[in-house]
Amino acid sequence: MSDSGTAVLAALVEQARLQGANMPTLRALVEEASECGARRALIHVGLGDAGAIHDVRELRDMLSAWRAARRTAWHTVVRWTMTFLILALVAGLTLRLKLWPPAG
C-alpha cells in the first residue's frame with residue numbers, strides 16, 4: 001500500500017475509534033478488508049482457483065530450472081573460451097619454439 005493509502009486507512013481507523021468503535025473490532029475489520037482485497041487481486045490475475053498453488057509451484061520450479069540452465073550455459077561458455085585460449089597459447093609456443101612442424 002502506498003504511503004497516502006496507509007495515511008487514509010489510519011485516518012479512517014482513528015475516526016471510527018473516536019466515534020466509539022473499539023480497536024480489536026477495527027483491527028479485525030482492516031484485516032478482513034485486506035484479505036478480501038488480496039483475494040480479489042488473485043482472482044484478477046487468474047490465481048483465484050484451488051489449482052493456483054500448483055500453478056505457482058510449477059512456475060517457480062520452471063524459473064529455478066531456467067536459472068540453473070542459464071548458469072550452466074554461462075559456465076560452458078567460460079570453459080570453452082578458456083580452453084580455446086590455452087590451446088592458442090600452446091600452439092603459439094609450439095610454433096615459436098619451432099617444435100612444429102618437425103624439422104626433417
Side-chain angles (χ1 to χ4, degrees):
M1 181 180 288
S2 68
D3 288 338
S4 63
T6 304
V8 169
L9 180 60
L12 288 172
V13 168
E14 181 62 20
Q15 180 182 355
R17 189 186 66 77
L18 292 174
Q19 292 176 356
N22 61 12
M23 284 307 288
T25 301
L26 290 174
R27 287 184 188 277
L29 179 65
V30 169
E31 186 175 326
E32 187 63 30
S34 299
E35 288 180 13
C36 286
R39 216 174 289 116
R40 191 176 312 148
L42 287 171
I43 289 169
H44 182 71
V45 297
L47 295 173
D49 61 342
I53 188 71
H54 302 296
D55 295 340
V56 171
R57 284 185 183 140
E58 186 175 345
L59 285 170
R60 290 180 63 104
D61 289 343
M62 288 173 57
L63 182 59
S64 177
W66 165 252
R67 288 177 176 156
R70 189 179 59 195
R71 187 172 36 253
T72 301
W74 176 247
H75 289 158
T76 302
V77 166
V78 169
R79 190 175 298 122
W80 276 92
T81 303
M82 292 305 296
T83 301
F84 174 76
L85 290 174
I86 290 170
L87 285 174
L89 180 65
V90 168
L93 285 173
T94 302
L95 291 174
R96 181 81 168 166
L97 297 174
K98 298 182 181 178
L99 298 174
W100 190 83

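All figures in this text were calculated on a predicted structure; none of them were measured in a lab.
Here the closest heavy-atom approach between residue Val13 and residue Val30 is recorded as CG2-CG2, 3.8 Å.
Other members of the cluster containing Val45 are Leu42, Leu47, Val56, with ILVMFWY side chains joined at under 4.5 Å, either directly or via other members.
Among residue pairs with one or both ends in residues 18-28, those qualifying as side chain to side chain donor-acceptor pair (under 3.5 Å) are Asn22-Thr25; sequence neighbours excluded. Within the structure, no pair that satisfies the side chain to side chain donor-acceptor pair (under 3.5 Å) test touches residues 80-98, not counting sequence neighbours.
Separating the CG atom in Leu29 from the OG atom in Ser34 is a distance of 9.0 Å, to the nearest 0.5 Å. With values rounded to the nearest 0.5 angstrom, Arg70 atom CZ is found 11.0 Å from Thr72 atom OG1. The CD atom of Glu14 sits 9.0 Å away from atom CG of Leu26, with the distance rounded to the nearest 0.5 Å.
Checked against side chain to side chain donor-acceptor pair (under 3.5 Å), Glu58 has no partners two or more places apart in sequence or in another chain. Scanning for side chain to side chain contact (heavy atoms under 4.5 Å, CB included) contacts around Arg40 gives an empty result, with sequence neighbours left out. Residues meeting the side chain to side chain contact (heavy atoms under 4.5 Å, CB included) test with Glu35, sequence neighbours left out: Glu31, Glu32, Arg39.
Around the CE atom of Met23, the shell of radius 6.0 Å holds more than 12 heavy atoms that belong to other residues, nucleotides or ligands.
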